[in-house]
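These notes are about the structure you will find just below.
We count ligands from 1, going down the list as the structure has it; atoms in each ligand are counted the same way. Since the structure is predicted, the reported quantities are computational estimates derived from the model, not experimental observations.
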Amino acid sequence: MESLNVGLVGMGNVGSGTLQILLENSEQLAQKLGIPVKVRAVCSRSIQQKSLPEAAADILRVTDWRDVVNDPDIHVVAELIGGTDVARQVIESALSQGKAVVTANKELMARDGLRLWQAASAASRPLAMEASAAGGIPIHSVLREGIAGDRIDAMAGILNGTCNFILTEMEKAGRGFHDVLAEAQQLGYAEADPSADVDGLDARSKLAILATIAFGCGVPVDDILVEGIRRVSDVDFAYAAQLRHTIRLLCVARMGTEGLSLSVRPTLLPKDAILANVSGSYNAIWVKGAYGQDTFYYGRGAGPLPTGVAVVSDILHAGRELLSGRENRVSPYSFKQLTQYRAAPPESFKQPYYLRFRVENRFGIIADLAAILRDHQIGIDAVGQLPITNWRDLPFVITVEPATEGEIRAAVETMSRLDYLLEPPLVMPMLVRF
Ligand SMILES: NC(=O)c1ccc[n+]([C@@H]2O[C@H](COP(=O)([O-])OP(=O)(O)OC[C@H]3O[C@@H](n4cnc5c(N)ncnc54)[C@H](OP(=O)(O)O)[C@@H]3O)[C@@H](O)[C@H]2O)c1
């Protein structure tokens with residue numbers, strides 16, 4: 001092989017960042033790999049309308065992805081179109097044509113990654129997906145190689161830059177969710193349809209991928225408890241500040257003796273926790289190993305160039321594997337063989353919770369709520385109320401001592417029947433040290 005020839009399918013944010021790096025950094029990439037890395041073809045349905053860098057003048061431009069995967073001169077196909085249906089076809093066809101595959105696709109890899117890895121193994125071709133979770137943070141390599149010697153006990157991460165930007169702005173300026181979301185959309189940080197981000201689905205896919213790599217069991221993405229940030233309000237930041245906490249959309253995975261517990265939800269973090277200081281569109285992951293203990297990884301979770309670096313690094317990795325000629329490929333999941341996923345029962349873990357109520361004021365509300373908590377054997381930690389501005393829509397907060405998710409849910413269900421509640425209580429866990 002005289003050069004490693006690459007085909008890029010998808011020329012949007014990630015595709016164009018990847019192309020830029022492959023062209024601008026070509027000298028150093030060749031030094032790292034030992035042979036030049038050449039982009040042979042780029043593909044998008046509207047490729048003829050796109051303006052590409054001058055250095056891309058000799059690169060084939062195609063509108064049909066099959067022209068990339070069927071090109072006998074291409075060694076590595078990068079799937080950068082997103083979505084699941086066509087992307088799956090691109091990857092499967094590329095593997096069956098004997099290509100190595102690199103993908104940034106979190107949604108597809110969270111749902112179908114294990115099957116696609118089997119297909120790659122059967123074809124004896126590399127499959128790499130560093131860009132699929134936490135974009136510019138090389139967390140896959142860390143889990144797969146850097147700390148592979150450890151046994152991971154827990155992981156907590158901020159994995160969605162859009163939510164982190166929104167929550168940070170709400171906190172800084174005391175603004176409401178919808179106001180900040182509209183600004184994030186104008187700035188291009190949030191999509192016109194923001195649901196994948198603000199409802200926690202994007203973060204859930206990333207957590208499923210990372211948990212599979214960290215714990216070595218195929219995590220079913222739909223098993224992850226997910227709550228988005230739509231209900232978090234400026235009032236919650238005011239109460240969180242009183243408690244010396246802040247709020248972040250936190251992805252958590254904990255391995256206990258009874259199994260794995262996984263969640264994506266807005267969570268109160270103590271202000272001095274390292275994750276609480278992750279602001280704006282940044283991502284971070286904190287990992288707790290049984291032996292090496294705490295390690296922390298921070299960086300850009302998205303964006304054409306940070307994500308492009310991850311894709312290009314994977315292209316190099318695939319190139320090295322192809323050049324080594326090994327039959328057995330290095331698994332992108334770290335574990336040669338994955339074990340059966342076992343969900344931890346909800347009663348296996350207790351944590352403190354923050355409950356925020358909106359009520360129409362009347363006598364005896366706290367007594368009612370305290371009685372419900374008592375009936376469910378949940379202890380009250382504190383009750384907080386900011387000065388009242390509207391007697392018909394009065395927010396206040398109760399924080400409770402560690403309880404199981406089941407106990408809290410049962411109590412909140414009973415509370416939701418109270419006729420003076422303007423909406424069901426907002427429940428957020430409060431992070432404790434693992
Ligand atoms: N954006 C980020 O920062 C980021 C970070 C990490 C991971 N990712 C992942 O990276 C992938 C790409 O994201 P992106 O933000 O770059 O998306 P994007 O900007 O929407 O780009 C998608 C590209 O794919 C092309 N495309 C779509 N369907 C196609 C088809 N059937 N045939 C050929 N080309 C097709 C689109 O162009 P045409 O419409 O012209 O076909 C476009 O060039 C997704 O899986 C995403 O989850 C993105």
| field | S313-E130 side chain donor-acceptor pair, cut-off 3.5 Å | value |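 On atom types as modelled, these side chains do not qualify, holding no pair under 3.5 Å.
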| Looking only at side chains, do D202 and N160 share a donor and an acceptor under 3.5 Å apart? |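 Yes.
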Mind checking ring-ring contact (aromatic ring centres under 6.0 Å, His included) for [X] and listing every partner two or more places apart, or none if nothing turns up?
{"X": "F165", "answer": "Y189"}
{"X": "Y341", "answer": "none"}
{"X": "Y239", "answer": "none"}

| query | Can you list, by chain and residue number, every protein residue with a non-hydrogen atom closer than 4.0 Å to ligand 1? | reply |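 Contacting ligand 1 under 4.0 Å are G10, M11, G12, N13, V14, C43, S44, R45, S46, K50, L80, I81, G82, V86, A104, N105, K106, A131, A302, G303, T307.
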| Nearest heavy-atom neighbours spanning N164 and Y282 |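 It is ND2-O, 3.6 Å.
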